[in-house]
A.B. asks: 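Sharing a structure below in C-alpha cells format, with a few things to ask.
Just so you know, these numbers use all the heavy atoms, side chains as well, and skip hydrogens, waters and symmetry mates. None of these values were measured; they are calculated from a predicted model.
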Amino acid sequence: MLEREPHMKRVLIANRGEISVRISRTLRELELESVAVYTAEDRTALHTRYADRAIELRSPLGYLDAEELIRVARMAGCDALHPGYGFLSENAEFAAACLTAGICFVGPPASAIAVMGSKQRARARMAASGVPLIPGGDARTLFEASQTAQRVGYPVLVKATDGGGGKGMRLVRDEAELESALERTRSEAKSAFGSDAVYIEKAIENARHVEIQVLGDQHGKLVSLFERDCSIQRRHQKVIEETPCPVLSSETLSQMAEVSLRGAAAIGYFSAGTFEFLLAPDGSFYFLEMNTRLQVEHPITELVTGLDLVKEMLSIAEGKPLSFEQVTRRGAAIEVRLYAEDPTTGFLPSPGRVSLLRPACGPGVRDDSGIFEGARVSPNYDPLLSKLSVWAEDRGRALARMRRALGEYAIGGIRTNLTLLSRILQHPDFVAGNYDIAFLNRHLAELSAQPKLDAETCWLLSAAAAVAARIGDDAESAARTSERREAALSPWLLAQRSSLKW
C-alpha cells in the first residue's frame with residue numbers, strides 16, 4: 001500500500017478521453033476514489049469505465065461548463081478536482097471558483113494562470129524577470145501592426161493574445177499579406193477564445209520547439225525536469241515529441257532551465273507547468289509561452305525520470321513538499337500522437353467506429369489510450385486517439401523500439417495518421433535529428449502520399465469489394481468493406497507482405 005496522509009479522498013476528473021483514463025490510474029494506485037464526467041455521446045467512452053463512478057453532464061456546454069462541473073463535484077462529495085489539459089484546465093476563474101466552493105484545484109494558483117493566460121501579460125512579466133523574449137509588439141490597428149512588423153523585420157507571426165493549442169496564428173512574409181492576416185487571425189481568435197486581441201512576434205526561421213518541464217510545491221521549492229523537443233508539428237499542433245533534444249547542449253539546457261525556474265518563481269508558481277521556447281540554429285532561445293497545466297506529452301518526461309507527474313500534482317495540491325530532492329535523467333524517450341484523421345485528404349477528421357484495435361506492447365512501450373475496439377470516435381472533440389511512447393537506453397534504440405511498436409499497432413474502421421508516423425520515424429533527417437518546426441510542411445507530400453499497391457494487394461481490395469457486393473450494399477456490408485480496405489493497407493501488413501502466404 002502506498003503511504004499518504006489522509007486528506008483527499010475523492011477526486012473529480014473534469015476531462016475526457018485518454019487523459020481522464022491516465023489520471024484514474026494514478027488515483028487508483030493512491031487508493032483515492034475517482035469520479036469521471038461524461039456527455040451523452042461519451043456515455044460508453046473508455047474513461048467512464050476506468051473511474052470508480054461516472055456522472056453525466058446535462059449542460060449543453062459539456063466539459064466547458066464550470067458551474068456544472070463544480071455542482072457535480074459537490075454532489076458527488078469530491079474534495080478535489082483535476083482538470084487534465086484542454087477545456088477549463090487553464091481557466092483562472094474556474095480554478096478560483098473551485099477553491100470558493102471548497103474543492104481543491106489540482107493545479108497552479110489562479111493568479112499564476114491569469115498572468116500566463118494572456119500572452120501579452122506573460123511576455124511583460126517574463127521580460128521583467130529576465131527571460132529572453134522573441135522581438136514583437138502590439139497590433140491593435142493596422143498601422144500599429146505595420147510599425148511593429150517593420151521594427152522587428154519580416155517574416156512575422158500574427159498571434160492571438162489569448163490563444164493556445166496552435167490556433168489564432170498566421171505567418172506573414174511581407175507587408176502585402178499583413179492586413180488579411182490580421183483580419184483572419186482576429187476572426188479565429190474571437191471564435192476560439194472570445195477575444196479578437198492580437199499581437200505580432202518575429203518569426204524565427206529554422207527554429208526548433210523546445211520546452212522545459214517545471215514542478216514546484218507550495219513551500220517555494222521549484223525544480224526543472226529537463227526538456228522535450230516538440231518540433232515535429234502540423235499547423236502548430238505537436239505530432240511527435242522526444243527527450244533529450246538531439247541538438248541541445250548541456251550548457252544551453254542549463255540556461256533554459258534557469259530562466260524557466262526564474263520565471264516560475266516570479267509568478268509564485270506551484271504544481272506542474274511548462275515553459276516553451278524557440279531554439280534558433282545559432283543556439284539562442286526565446287520564450288514562447290507557459291502552459292499552466294499538465295502537458296499532453298508528459299509521459300516521456302515520466303519515462304526518463306521515473307516520476308508520476310499526476311501523483312506529484314496531487315501531493316502538491318494537498319500542501320505537501322516535493323517528494324524528491326534531486327532528479328536524474330536516464331535514457332531517451334519518444335512519443336507519437338495517433339489521430340483520427342486522414343493525411344491523404346488534407347488531414348480531414350475520421351470519426352466512426354473502431355472495428356479493430358491491436359495496440360503495441362512489449363518492453364519499454366507505453367500506450368496512453370482513450371479508445372477500445374468497438375468505441376465510437378466523435379467528430380465533436382479533439383481527434384487524439386492515443387499517445388504511444390517508448391523508452392530505451394539511448395536515442396538510437398528508442399527509434400528502433402518506436403518503429404517496432406508502430407509496426408505492431410493496428411487499428412481499423414477509421415482513418416488515422418499511423419502510416420505518416422511510421423514514415424516520419426524512418427525519414428533520414430529525423431533519424432539524424434536534423435529537423436525543425438517546418439519539417440513536416442517541407443516533407444508532407446512524400447510522407448502523406450498514398451502507398452503504391454502491388455498487384456496482390458489490388459486483387460485483395462477488388463475481391464473484398466466483390467464479396468461486399470454479393471452480400472448486399474447495406475450499411476453493415478459497407479463497414480466490412482471499409483475494414484477490409486483498412487486491413488489491406490495497414491503499415492504492418494504492407495511491411496510483412498512478402499513473408500505472408502495467401
Side-chain angles (χ1 to χ4, degrees), residues 17-18 21 44-46 49 239-240 299 334-345 347-378 383-391 398-427 447-454 456-465 467-468 476-502:
E18 59 86 17
V21 172
T44 60
L46 187 65
R49 305 180 181 192
V239 177
I240 297 178
I334 303 170
E335 175 187 287
V336 301
R337 302 189 190 189
L338 184 64
Y339 287 112
E341 57 187 19
D342 187 354
T344 66
T345 60
F347 295 91
L348 289 175
S350 178
R353 186 175 67 88
V354 178
S355 60
L356 167 71
L357 182 62
R358 187 187 62 207
C361 55
V365 177
R366 169 175 169 174
D367 182 40
D368 287 48
S369 176
I371 57 172
F372 57 91
E373 192 165 289
R376 289 219 168 257
V377 178
S378 169
L384 180 64
L385 302 172
S386 174
K387 303 177 314 196
L388 183 65
S389 305
V390 301
W391 176 92
L399 285 171
R401 180 160 284 168
M402 180 59 83
R403 287 193 288 266
R404 184 267 294 174
L406 287 172
E408 287 182 6
Y409 210 111
I411 184 168
I414 57 174
R415 301 288 185 179
T416 73
N417 64 334
L418 185 59
T419 299
L420 174 72
L421 295 170
S422 297
R423 290 175 176 178
I424 294 173
L425 267 290
Q426 297 176 57
H427 194 282
L447 292 171
S448 61
Q450 286 275 17
K452 294 181 179 180
L453 303 181
D454 56 28
E456 184 178 41
T457 303
C458 290
W459 180 87
L460 283 170
L461 293 175
S462 298
V467 169
E476 185 178 356
S477 65
R480 285 196 292 269
T481 302
S482 175
E483 291 163 20
R484 292 187 184 97
R485 173 178 286 272
E486 289 289 340
L489 293 175
S490 74
W492 180 84
L493 191 54
L494 291 173
Q496 303 293 328
R497 181 73 68 204
S498 60
S499 64
L500 295 176
K501 302 297 182 182
W502 297 92

A.B. asks: Tell me which one of Thr416, Leu388, Leu421, Val365 satisfies side chain to side chain contact (heavy atoms under 4.5 Å, CB included) with Tyr409.
C.D. replies: Leu388
A.B. asks: Are Val354 and Leu385 close enough that some pair of their side-chain heavy atoms sits under 4.5 Å apart?
C.D. replies: no
A.B. asks: Assess whether side chain to side chain contact (heavy atoms under 4.5 Å, CB included) is satisfied between Leu425 and Val336, documenting all intermediate values.
C.D. replies: CA-CA 10 Å; Leu425 267 290; Val336 301; 4.1 Å; yes
A.B. asks: Give a yes or no answer on whether the side chain of Ser369 reaches the backbone of Ser386 with a donor-acceptor pair at less than 3.5 Å.
C.D. replies: no
A.B. asks: Does Leu384 offer a backbone N or O that forms a donor-acceptor pair with the side chain of Arg337 under 3.5 Å?
C.D. replies: no
A.B. asks: Indicate yes or no for a side-chain donor-acceptor contact from Arg358 to the backbone of Glu408 under 3.5 Å, with no hydrogens or angles considered.
C.D. replies: yes
A.B. asks: If we ignore hydrogens and angles and just use 3.5 Å, is the side chain of Arg401 paired with the main-chain N or O of Trp391 as donor and acceptor?
C.D. replies: yes
A.B. asks: Does Arg423 reach the main-chain N or O of Ala449 with its side chain, forming a donor-acceptor pair under 3.5 Å?
C.D. replies: yes
A.B. asks: Only one of Val21, Leu338, Ile414, Ile411 passes side chain to side chain contact (heavy atoms under 4.5 Å, CB included) with Ile371; say which it is.
C.D. replies: Ile411
A.B. asks: Run the side-chain contact (heavy atoms from CB on, under 4.5 Å) test against Pro299 and tell me which residues pass, sequence neighbours left out.
C.D. replies: Glu335, Arg366, Asp368, Lys387, Ser389
A.B. asks: Look up atom CE in Met402 and atom CD1 in Ile424, then write down how far apart they are to the nearest 0.5 Å.
C.D. replies: 11.5 Å
A.B. asks: Using only atom types and a distance under 3.5 Å, with no angle test, would you say the side chain of Asn417 pairs donor to acceptor with the backbone of Ser448?
C.D. replies: no
